[in-house]
Amino acid sequence: MTTNRLSLVTISNLKSGLLLFVIALLFSTSTYAQDKKAKALLDAVTVKIKSYDNIVIDFKYSLNNLKENINQESKGNVTMKGNKYVLNLMGVTKIFDGKFNYTINPEDEEVAISKLNEKDENAITPSKLLTFFNSGYKYTWDIPQNVKGRKIQYIKLVPNNTKDQRKEILLGIDTQTKNIYNLIEVGRNGTKTTLTVNSFKINQPLSKNQFTFDASKYPKYYINKLD
């Protein structure tokens, strides 16, 4: 009788263990499948972006922190070609010509000039905005949303670097066009930054001096060379 009881208990434990194993296996398989879907969508975005000669984006930018009672909104635009860009946001213009950054501040009548900091891998600059996710992050398939008839699929990105001040990034992708709709960055201090694309134009006619800083346009400005 004792042997039979022990056998029943053993069989019961084996069944429970097997059930837990199957559940864990199914869960891990599901997660893996979602990660593959996320990677496939991100790869499709990268291929699409690299096929464009240039990109011109009008966007809305917002920064919120409930704890600090911060709520800011602004509109801006950026023109990108390769790693060069011209960004206009909150009255300030930033030009990157491939080697130097020029920050033009009309309020202070100052132009700050600095070299590209190639060591800053975490900064999402305009030229990296559309492909920054290719390395340095773990990504998972997140929620879909319907935005005015457009299906936006979110991918959650978590920085691999534990010292990164960003907790996570949500990247909203238009599943039809494979273009980025918005980017939501959540900081460990509770700050949430959102960039939403209002218009997305490609292969526009650009001036050959589009990304060139012309000092003659700012004769009264103080030129501050930071490097």
Side-chain angles (χ1 to χ4, degrees), residues 49 52-133 136 159 161 163-167 169 171 180-202 204-227:
I49 293 302
Y52 302 141
D53 179 66
N54 63 68
I55 301 170
V56 179
I57 296 174
D58 288 331
F59 60 87
K60 182 177 75 173
Y61 172 87
S62 66
L63 187 148
N64 306 95
N65 187 312
L66 294 177
K67 186 177 179 181
E68 301 295 333
N69 195 28
I70 298 173
N71 187 11
Q72 298 177 349
E73 283 193 3
S74 182
K75 291 183 179 180
N77 60 75
V78 59
T79 300
M80 295 177 281
K81 182 180 175 66
N83 69 333
K84 299 178 181 180
Y85 66 82
V86 177
L87 169 68
N88 295 291
L89 180 64
M90 301 178 72
V92 175
T93 298
K94 296 194 71 170
I95 300 173
F96 178 60
D97 61 8
K99 186 177 181 180
F100 291 96
N101 289 294
Y102 301 87
T103 302
I104 305 164
N105 190 333
E107 185 176 348
D108 297 335
E109 293 191 336
E110 179 183 22
V111 178
I113 304 175
S114 61
K115 288 183 179 179
L116 171 66
N117 183 4
E118 297 180 350
K119 295 181 180 180
D120 190 1
E121 297 178 353
N122 293 324
I124 301 179
T125 61
S127 56
K128 291 169 62 180
L129 171 63
L130 304 176
T131 55
F132 75 92
F133 45 78
N161 186 350
K163 295 182 180 180
D164 198 308
Q165 293 305 305
R166 295 167 298 171
K167 180 181 179 182
I169 298 169
L171 193 65
I180 293 175
Y181 166 69
N182 69 348
L183 180 148
I184 304 169
E185 185 178 287
V186 182
R188 296 186 184 279
N189 63 354
T191 299
K192 183 169 78 171
T193 304
T194 304
L195 189 151
T196 303
V197 175
N198 292 327
S199 73
F200 190 102
K201 299 177 182 178
I202 61 171
Q204 299 296 295
L206 303 178
S207 165
K208 64 178 183 179
N209 297 320
Q210 182 76 41
F211 307 101
T212 301
F213 171 70
D214 186 355
S216 65
K217 293 181 179 180
Y218 311 96
K220 297 181 180 181
Y221 280 47
Y222 171 65
I223 305 298
N224 185 7
K225 294 185 179 180
L226 303 178
D227 296 316

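All heavy atoms count here, side chains included; hydrogens, waters and symmetry mates do not.
With 3.5 Å as the limit, one finds no donor-acceptor pair spanning the side chains of Asn209 and Ser207.
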Please tabulate, one pair per line, all N/O donor-acceptor pairs under 3.5 Å involving side-chain atoms of residues 69-80, not counting sequence neighbours.
residue	atom	partner	partner atom	Å
Asn71	OD1	Asn64	ND2	2.5
Asn77	OD1	Asn88	ND2	3.0

With a 3.5 Å cut-off and sequence neighbours excluded, list the donor-acceptor pairs that the side chains of residues 55-63 form with protein atoms.
residue	atom	partner	partner atom	Å
Asp58	OD2	Ser199	OG	3.2

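Closest heavy-atom contact between Pro106 and Gly91: CD-O, 3.2 Å. Nearest approach of Asn54 to Gln204, heavy atoms of both residues: OD1-N, 2.8 Å.
To the nearest 0.5 Å, atoms CZ (Phe100) and CG (Leu226) are separated by 11.5 Å. If you take OG1 on Thr196 and CD1 on Ile184, they are separated by 7.0 Å, rounding to the nearest 0.5 Å. The structure places CD of Gln165 at 13.0 Å from NZ of Lys167, a figure rounded to the nearest 0.5 Å. Atom-to-atom distance recorded for Leu195:CG and Tyr181:OH is 11.0 Å, nearest 0.5 angstrom. Here the CG-OH distance, from Asn105 to Tyr221, works out to 8.0 Å after rounding to the nearest 0.5 Å. Rounding to the nearest 0.5 Å places NZ of Lys115 at 12.0 Å from CD1 of Ile113.
Applying the salt bridge (charged side-chain N to carboxylate O under 4.0 Å, His left out) definition to pairs two or more places apart or across chains, none involves residues 97-110.
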Side chain to side chain contact (heavy atoms under 4.5 Å, CB included) between Tyr85 and Asn101: does it pass, once the steps are laid out? CA-CA 10 Å; Tyr85 66 82; Asn101 289 294; 3.6 Å; yes
**Q.** Step-by-step side chain to side chain contact (heavy atoms under 4.5 Å, CB included) determination, Ile180 to Phe200
**A.** CA-CA 9 Å; Ile180 293 175; Phe200 190 102; 5.9 Å; no
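Looking only at distances, no side-chain donor or acceptor of Gln210 sits under 3.5 Å from a matching main-chain atom of Lys208. Arg188 places a side-chain N or O within 3.5 Å of a backbone atom of Asp164 that can act as its donor or acceptor partner.
When the side chain to side chain donor-acceptor pair (under 3.5 Å) test is applied to Thr193, no partner is found at least two apart in sequence or on another chain. With sequence neighbours excluded, no residue forms a side chain to side chain donor-acceptor pair (under 3.5 Å) with Tyr218. For Asp53, the salt bridge (Lys or Arg N to Asp or Glu O under 4.0 Å) partners two or more places apart in sequence, or in a different chain, are Lys81.
Taking the side chain as every heavy atom from C-beta outward, Phe211 and Leu206 approach each other to under 4.5 Å.
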